[in-house]
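In what follows, chains carry the letters A, B, and so on, assigned in the order in which the sequence lines appear, proteins first and then strands, with residues in each chain numbered from 1. Note that this is a predicted model, so its numbers are computed, not measured.
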There are 2 protein chains.
Amino acid sequence: MNVGGQSLEFILVKFPSLELSESLLRNSLKRREFVTVAGNCECRYTGRASSHLGWGERLILIKGDGSIQVHRPKGYEPVNWQPPQCNFYVHRSGGLLFIEAHRRRPRESLTLNFDRIIFYSSFKPVDNAEFNLYVSEEQMRDALIRDPSILEDGLELVDFERKVEPGFIDFYGRDADGRLVIVELKRSQAGKEAILQLKRYVDAVLKITGQNVRGVLAAPRLKSGAQGLLVELGLEFRRLTPRKCAEVLKKSGTRKISEFI
Amino acid sequence: MNVGGQSLEFILVKFPSLELSESLLRNSLKRREFVTVAGNCECRYTGRASSHLGWGERLILIKGDGSIQVHRPKGYEPVNWQPPQCNFYVHRSGGLLFIEAHRRRPRESLTLNFDRIIFYSSFKPVDNAEFNLYVSEEQMRDALIRDPSILEDGLELVDFERKVEPGFIDFYGRDADGRLVIVELKRSQAGKEAILQLKRYVDAVLKITGQNVRGVLAAPRLKSGAQGLLVELGLEFRRLTPRKCAEVLKKSGTRKISEFI
DNA sequence: GCCTAGGTCCCGTGT
DNA sequence: ACACGGGGCCTAGGC
């Protein structure tokens, strides 16, 4: 595609026969095109689990990376799918068109059989654009590293992504009074999971260093009901928003962010 | 659709102008049809996070339930999306076609602008089929309820989905020696999260009852490395497979299962 | 409305 | 290869 409006290996067919659909599919799969098929079908999946979906009209996407998804008329998520790197097999039998998508590791397969195709489309989209997402938890950590004072005056970085037994500590620092501070970051509101995660880190560091350790949960806000557990476990909460972090990143010279805040 | 091969409000257009695309879209959105659009576009999202995706050729699905997804040529997951119940706004400006999808709670919006449409399709799929999935964790719980002995001789049900402070206990029972048993089920291999989840329940029940409580993790297998934590926390592992559970369900009269094992 | 937990989660990253 | 944690996770079920 992308040839000034001129069709380049772009196929669009209304009500193709199963025979035609079969040959179009074989061709598109070989060329690793982006295939869109609407049709009346039945779906069976077996692998990590098993499923069956009776006859109905759906839209199927097959991408050049070997992923497939079956979309019903409602619902954000596909009803059946396979992640990239599947092997596809197409054949006709008993007046039906079969599409099979097989995967190893885990070993599983998805089989669709069609009795009617509503439309068939295939093309090779040209898409080399960069995708940027703001602000991830990782970027919040970067902001905190660049300016720990956004969390608390006098806070200083000692280390980040420090490995202790239960996992990785987002931010490991020292406060104005010289006490160790462990910070657990959450991009959105923090719940019990985050609190317990922080507690594990605090316990682990206490065990290793023997020193007094502060555990600080930094997030836009606490989920209601989490406050109790936090206090009970002797931990602290500090409000930290993605927006604030974005400002820090912008100020400290990271471009790209600027257009989005 | 579904009228013996006859087109009923089914539209398929190759290279529609932006003007035509706009009017087709307005119509389809009003009728809550399933829309498939391929075109060259730029995408901006803002809400729980923010993102920008430069120009490129993609496939967009808009469903009658108000969900939208933008698919790049690779990757199982859409690069941008909105879940069901969005409000859509379509307009043309500066030689571009804009599609906006807005959501409240959380407040967020996705905006696509196109400079070229490769194809446009809309139809109203007829799909009333039942979807059945085997074997879910819930079904494994049902099997364990019907025959607790599959986990351990003498085990008896006391309650299930019992609410304690941290959450819901899958299976709450009593062993041959009269001790309380808390079972955490996993349909696939269990890792640290499952162990910690179980530990929370055990602690909570211990606190409430003051009795000796056994914590049992039931899953097809443990992830390597999880064994240590399990032992450390004084918990037990029992192998339980979906297959075994399916057999119990089949024996105890649940149909449908039979075709999938 | 919030919270909790499951999912054929997917996916990136590290060991 | 496998384990671990994040995700704009989405979705279902309880309260």
Side-chain angles (χ1 to χ4, degrees), chain A residues 43-51 67-70 74-84 101 103-110 131 133-141 161 163 166-168 170 184-194 197 221-226 242, chain B residues 43-51 67 69 75-84 103 105-110 131 133-141 161-170 184-194 196-197 200-201 221-227 229 242:
Chain A
C43 314
R44 288 171 197 277
Y45 159 77
T46 176
R48 287 167 288 178
S50 302
S51 73
S67 64
I68 179 171
Q69 43 198 293
V70 180
K74 296 186 180 189
Y76 161 77
E77 295 181 325
V79 62
N80 282 119
W81 73 92
Q82 291 284 27
R103 194 156 78 114
R104 319 238 168 194
R105 210 159 4 274
R107 188 162 188 80
E108 51 188 359
S109 66
L110 174 62
F131 176 71
L133 181 70
Y134 319 93
V135 177
S136 66
E137 187 181 297
E138 188 185 4
Q139 288 170 321
M140 287 181 72
R141 171 170 62 68
E161 287 295 302
K163 178 91 179 78
F168 293 87
D170 289 329
E184 172 63 29
L185 274 170
K186 287 298 162 196
R187 199 185 53 76
S188 51
Q189 52 180 265
K192 290 180 185 174
E193 278 299 314
Q197 197 177 340
R221 73 183 195 88
L222 269 184
K223 281 181 182 173
S224 78
Chain B
C43 313
R44 290 173 196 277
Y45 159 78
T46 176
R48 285 168 290 179
S50 302
S51 73
S67 64
Q69 42 198 295
Y76 161 77
E77 296 181 326
V79 62
N80 281 117
W81 72 92
Q82 291 282 36
R103 195 157 79 113
R105 212 160 9 269
R107 187 160 187 81
E108 51 188 359
S109 67
L110 174 62
F131 177 70
L133 179 72
Y134 317 95
V135 178
S136 66
E137 185 181 301
E138 186 185 6
Q139 289 170 324
M140 287 181 71
R141 171 170 59 69
E161 287 296 303
R162 191 198 196 82
K163 178 90 179 80
V164 292
E165 187 12 49
F168 295 86
I169 296 172
D170 288 331
E184 174 61 32
L185 277 169
K186 289 295 163 199
R187 62 173 303 286
S188 52
Q189 47 181 268
K192 288 183 184 172
E193 278 301 311
L196 292 167
Q197 194 179 348
R200 272 181 270 152
Y201 297 147
R221 75 181 194 88
L222 266 184
K223 284 180 179 172
S224 80
Q227 176 80 35
L229 182 60

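Residues B:Pro84 and A:Lys74 are not in side-chain contact: their nearest non-hydrogen atoms beyond the backbone lie 4.5 Å or more apart. Two residues are said to be in side-chain contact when any heavy atoms from C-beta on lie closer than 4.5 Å; A:Lys223 and A:Lys186 fail this criterion.
The distance between atom CE of B:Met140 and atom P of C:dG6, rounded to the nearest whole Å, is 12 Å. One can place CZ of B:Arg141 at 11 Å from P of C:dG7, the figure rounded to the nearest angstrom.
Take B:Lys192 and apply the salt bridge (Lys or Arg N to Asp or Glu O under 4.0 Å) test, not counting sequence neighbours, and it matches A:Glu165. Under the side chain to side chain contact (heavy atoms under 4.5 Å, CB included) criterion, A:Glu77 pairs with no residue, sequence neighbours left out. The salt bridge (Lys or Arg N to Asp or Glu O under 4.0 Å) test applied to A:Arg221 returns no partner, not counting sequence neighbours. Contacts of B:Phe131 classified as side chain to side chain contact (heavy atoms under 4.5 Å, CB included), with partners at least two apart in sequence or in another chain: A:Ser51, A:Leu53, A:Arg72, A:Val79, A:Asn80, B:Leu133.
Atom P of D:dG8 sits at a distance of 22 Å from the matching atom of C:dA5, rounded to the whole Å.
Between B:Arg200 and A:Glu193 there is a salt bridge, with a side-chain nitrogen of the basic residue lying less than 4.0 Å from a carboxylate oxygen of the acidic one.
The nucleotide D:dG8 finds no pairing partner, because no Watson-Crick or G-U wobble arrangement with both distances shorter than 3.5 Å includes it.
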Exercise for the section: Tell me, with the steps shown, if B:Thr46 and B:Ser109 meet side-chain contact (heavy atoms from CB on, under 4.5 Å). Expected result: CA-CA 6 Å; B:Thr46 176; B:Ser109 67; 3.6 Å; yes
Between the protein and nucleotides 2-4 of chain D, which nitrogen or oxygen pairs are less than 3.5 angstrom apart?
residue, atom, partner, partner atom, Å
D:dA3, OP1, B:Ser224, N, 2.8
D:dA3, OP1, B:Ser224, OG, 3.4
D:dA3, OP2, B:Gln189, OE1, 2.9
D:dC4, OP1, B:Lys192, NZ, 3.4

Exercise for the section: Encode nucleotides 6-15 of chain D as B, S and - characters from 5' to 3', where the letter depends on protein heavy atoms closer than 4.0 Å: B to the base, S only to sugar-phosphate, - to neither. Expected result: SSBSSS----
